[in-house]
Each structure stands twice: as C-alpha cells, then as structure tokens.
Asker: 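Sharing a structure with you now.
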2 protein chains.
Amino acid sequence: MVKLTSQRQALLDFINASNRHWDADELARALADAGTPMGIATVYRGLAALESAGLLDSIQLADKKRYERADKAHHDHMICTDCGAIEEFAHPTIESLQLSVAADRGFTVSGHQLVIFGLCRGCSNQGL
Amino acid sequence: MVKLTSQRQALLDFINASNRHWDADELARALADAGTPMGIATVYRGLAALESAGLLDSIQLADKKRYERADKAHHDHMICTDCGAIEEFAHPTIESLQLSVAADRGFTVSGHQLVIFGLCRGCSNQGL
DNA sequence: ATGATATTGATAATGATTATCATTTGCATC
DNA sequence: GATGCAAATGATAATCATTATCAATATCAT
C-alpha cells in the first residue's frame with residue numbers, strides 16, 4: 001500500500017504550486033533550498049508513487065522525465081528547442097484520429113505521447 | 001566533411017536490408033555476427049552521421065534511440081508494450097492539425113514525434 | 001509495547017551514450 | 001610513390017539519469 005508521506009506531500013505541493021515541468025534533480029535542489037531536503041532516491045520513488053496514484057503527470061523526453069500537475073485534462077506538448085519552454089495544448093480531433101488509426105490496425109491503445117519541436121513565439125521572433 | 005566509409009556503408013546496408021528498428025547495440029552485435037565487427041563508438045558515430053546526412057531516420061524512445069530506413073515518407077509509430085513490435089503509420093490530417101495548432105501559438109515547427117502505446121492485434125488477442 | 005509493512009537515505013550499480021586520445025585510413029598534392 | 005592533412009576508428013574512461021541494495025527508521029493497527 002502506497003503512503004502519502006509528508007515528503008511526498010511536499011513534492012506534490014511543490015509541483016502543484018508551480019506551472020513548471022520538473023525533473024527529479026531540479027526538485028531535489030528546490031526542496032533542499034526550501035529547507036526540506038530529501039534523498040534523491042526518495043525523490044525518484046516519491047514521484048513514481050505520486051504518478052501511479054494519478055496525482056502527477058509526466059512526460060518522458062529524450063534524456064529525462066519531467067513531472068507536472070495532474071489537475072488538468074489530458075494534453076500534449078510543444079517544446080521550444082531554443083529556450084526550452086514547454087507549452088501545453090489539447091486537440092480532441094488529433095486524439096480521436098489517433099484512436100481511429102490504431103483501431104484500424106487492431107491496436108488496443110493504452111496511451112500516447114505527442115511532442116512538437118520548434119521555436120516558440122518569442123524565439124521565432126529573435127531572428128527578425 | 002563527413003565521409004561514407006565502408007563501415008558506415010555496412011551500417012546503412014544492414015538497416016536498409018531489414019524492416020526493423022535497430023538500436024546501436026543490436027547493430028554492433030549483428031555486424032559482428034556478420035563478420036564485419038566495428039567498435040561500439042564507431043556504430044554510434046556512424047549512425048549519427050548517417051542520420052544527419054538524411055540517410056537514416058530515428059525515433060527517440062524513453063531509454064534508447066532506434067534507427068530505421070530513411071527511404072519512406074514521414075510517419076509515426078505505434079509500439080506494442082507487450083511484444084515490443086513497432087508499427088508505422090502515416091496520417092496527413094494529424095500532421096496538418098499539428099501544424100495548425102502550433103501556428104495558433106506562434107510556434108515555428110521543426111519536427112514532432114508521436115508514439116501510440118498499446119497492444120498490437122496479436123497481443124490484444126492473447127487474452128481472449 | 002509489539003509487529004508488520006512501507007519509507008527513507010546513502011551509496012553502489014546499471015545502461016545508454018559521449019568524450020578522450022592515440023592510431024589509422026583515405027585522398028589530394030607534390 | 002612520398003608527404004601531409006582531415007576525418008574516422010577503437011579501446012576505454014567518463015557522464016548522466018535512473019534503479020537496486022540494504023540497513024535503519026517511521027507509521028499504524030492491534
């Protein structure tokens with residue numbers, strides 16, 4: 001049975017209080033700075049526990065996994081390859097088209113991940 | 001200046017001759033078995049060189065990068081979480097919807113990656 | 001208080017990928 | 001054919017995120 005310990009609560013609060021996407025290392029440092037340090041292994045385990053409890057969402061990027069609030073509806077991501085900003089978007093039609101193309105192949109969908117890479121508005125305008 | 005050496009040609013031939021998605025380690029072993037061994041670092045560098053030359057495509061999965069032929073049109077992937085099979089699909093409407101949602105945000109798209117996770121037809125039927 | 005169970009934390013281990021660096025190869029030029 | 005240069009190669013060390021190990025600790029019901 002998974003417990004929502006005070007440390008896990010701290011992790012959850014930290015993420016819920018922000019709009020960012022955090023990786024384990026960033027969280028460990030932020031919590032240490034906030035005066036509530038916890039071992040890095042505990043951070044990893046806590047994040048995994050919170051995610052499997054549905055209290056956090058995550059995106060698995062090429063190199064690392066980043067966690068975000070779970071209190072929103074499903075969405076996908078757009079990542080700026082210049083400044084690293086992560087924007088979220090939801091597109092019901094894209095979702096349903098995915099399901100239909102999967103169904104055509106006899107595929108039982110359990111999840112998906114769509115990431116669009118490019119330059120955000122600000123970085124697109126840098127070059128002007 | 002990047003050279004297409006005989007070893008890189010061997011890598012390319014190996015991938016082009018198959019329908020699989022290969023990771024660096026699998027390729028190193030397969031090439032060794034085929035009697036043309038090459039250092040693992042050379043495999044990594046060769047794959048990166050071939051990809052940047054547009055001769056190979058790749059998908060970056062959670063843990064590792066897999067390479068595939070580049071002689072097909074752009075497509076996305078469906079991965080069976082049970083048997084590991086990777087199926088390809090193309091869906092022009094999904095593509096164009098992505099571009100339009102990105103444009104709405106002022107985002108200049110350079111690429112994207114869509115992966116659908118689930119059970120392939122065969123594995124879906126296992127449980128019946 | 002007693003146990004049973006889950007968590008924590010320090011640290012080792014893992015696994016994919018990249019960096020290092022001395023050596024070798026391929027090619028153009030003399 | 002010799003020389004020189006730029007790029008490639010290979011063995012191996014290093015990196016980096018993540019997971020495993022394991023002893024110590026906390027939580028909670030009885």
Side-chain angles (χ1 to χ4, degrees), chain A residues 1-15 20-68 79 81 84 86 113 115, chain B residues 1-15 20-68 79 81 84 86 113 115:
Chain A
M1 158 200 352
V2 175
K3 297 181 186 174
L4 184 55
T5 64
S6 64
Q7 307 202 76
R8 291 177 180 178
Q9 187 67 57
L11 273 174
L12 190 54
D13 291 346
F14 224 98
I15 293 173
R20 294 191 38 188
H21 294 72
W22 299 84
D23 65 38
D25 197 54
E26 289 169 342
L27 283 164
R29 259 175 303 163
L31 287 167
D33 290 351
T36 54
M38 77 180 73
I40 186 68
T42 303
V43 173
Y44 275 101
R45 282 179 301 219
L47 291 171
L50 291 167
E51 182 181 23
S52 71
L55 298 173
L56 288 180
D57 283 343
S58 73
I59 40 172
Q60 173 73 60
L61 300 182
D63 47 342
K64 59 180 63 168
K65 196 168 185 176
R66 303 190 86 98
Y67 290 85
E68 61 179 338
I79 301 182
T81 51
I86 302 179
Q113 185 171 287
V115 180
Chain B
M1 162 198 348
V2 175
K3 297 182 189 174
L4 184 55
T5 64
S6 63
Q7 307 201 78
R8 291 179 180 177
Q9 187 67 57
L11 274 174
L12 189 55
D13 289 346
F14 224 97
I15 293 173
R20 295 191 38 188
H21 295 73
W22 299 84
D23 66 36
D25 198 53
E26 289 170 342
L27 283 164
R29 259 175 303 162
L31 287 166
D33 289 351
T36 54
M38 76 180 75
I40 187 66
T42 303
V43 173
Y44 276 101
R45 282 179 301 220
L47 290 171
L50 291 167
E51 183 180 21
S52 71
L55 298 173
L56 287 180
D57 284 343
S58 74
I59 41 174
Q60 173 72 58
L61 300 182
D63 48 340
K64 60 181 62 168
K65 197 168 185 176
R66 304 190 85 98
Y67 290 85
E68 62 180 337
I79 300 182
T81 52
I86 303 179
Q113 185 170 287
V115 180

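Quick note on labels: first sequence line is chain A, next is B, and so on, each numbered from 1.
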Asker: With heavy atoms under 4.0 Å as the rule, sort A:Arg8 into base, sugar-phosphate or nothing.
Answerer: sugar-phosphate
Asker: Would you kindly give the CG-to-P distance between A:Leu4 and D:dA26, to the nearest whole Å?
Answerer: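 Between P of D:dA26 and CG of A:Leu4: 18 Å.
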Asker: Which residue, A:Lys64 or B:Val2, contacts DNA chain D at a nucleotide closer to its 5' end, judged by nearest heavy atom?
Answerer: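 Mapping each residue to its closest nucleotide by heavy atoms, the 5'-most match is B:Val2.
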Asker: What is the separation between atom CD on B:Gln9 and atom P on C:dG26, rounded to the nearest whole Å?
Answerer: 14 Å
Asker: Assess whether a salt bridge exists between A:Arg29 and A:Asp33, defined as any Lys/Arg side-chain N lying under 4.0 Å from an Asp/Glu carboxylate O.
Answerer: no
Asker: Just the rounded figure in Å: distance from P of C:dT17 to CG of B:Leu27.
Answerer: 11 Å
Asker: Give the minimum heavy-atom separation between B:Ile40 and B:Ala28, together with the two atoms involved.
Answerer: CD1-CB, 3.8 Å
Asker: Go nucleotide by nucleotide along DNA chain C from the 5' end; which of A:Ala49 and B:Gln60 gets its closest nucleotide reached first?
Answerer: A:Ala49
Asker: Considering only C:dG9, C:dA6, D:dG10, which nucleotide approaches the side chain of A:Lys3 most closely?
Answerer: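 From the listed options, C:dA6 comes nearest.
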Asker: Tell me: CD1 of B:Ile40 to P of D:dT9, nearest whole Å?
Answerer: 13 Å
Asker: Tell me: CG of B:Asp23 to P of C:dT17, nearest whole Å?
Answerer: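 Checked: the CG to P distance equals 7 Å.
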Asker: Report the distance from atom CG of A:Asp25 to atom P of D:dT15, rounded to the nearest whole Å.
Answerer: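 Nearest whole value for this atom pair: 16 Å.
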Asker: May I ask you to say whether B:Lys65 pairs ionically with B:Glu51, meaning some side-chain N is under 4.0 Å from a carboxylate O?
Answerer: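 A salt bridge is present here (some side-chain N lies under 4.0 Å from a carboxylate O).
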Asker: Ignoring backbone atoms, establish whether B:Thr5 has a side-chain N or O less than 4.0 Å from OP1 or OP2 of C:dG26.
Answerer: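 B:Thr5 to C:dG26 OP1/OP2: no side-chain N or O under 4.0 Å.
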Asker: Go through D:dT21, C:dA19, C:dT17 for me and flag the one nearest to the B:Ala41 side chain.
Answerer: C:dA19
Asker: Can you tell me which nucleotide in C:dT11, C:dT8, C:dC21 comes closest to the side chain of A:Gln7?
Answerer: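 The answer is C:dT8, which lies nearest to the side chain.
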Asker: With sugar-phosphate meaning primed atoms plus P, OP1 and OP2, does A:Asp63 contact a base, only sugar-phosphate, or nothing at under 4.0 Å between heavy atoms?
Answerer: sugar-phosphate
Asker: Counting only side-chain heavy atoms from C-beta out, which of D:dG10, D:dT27, D:dT18 sits nearest to A:Tyr44?
Answerer: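 Nearest listed nucleotide: D:dT18.
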Asker: Round to a whole Å and report the spacing from CE of B:Met1 to P of D:dA8.
Answerer: 9 Å
Asker: Does a side-chain N or O of A:Thr42 approach OP1 or OP2 of C:dG9 to a distance below 4.0 Å, or not?
Answerer: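 Yes, because at least one side-chain N or O of A:Thr42 sits under 4.0 Å from OP1 or OP2 of C:dG9.
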Asker: Which atoms form the tightest heavy-atom contact between A:Arg20 and A:Arg66, and what is the distance?
Answerer: NH2-NH2, 3.9 Å
Asker: Take atom CZ of A:Arg45 and atom C1' of D:dC22, then tell me their distance rounded to the nearest Å.
Answerer: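 It works out to 11 Å between those atoms.
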Asker: For a 4.5 angstrom cut-off between non-hydrogen side-chain atoms, does A:Thr42 reach A:Leu11?
Answerer: no
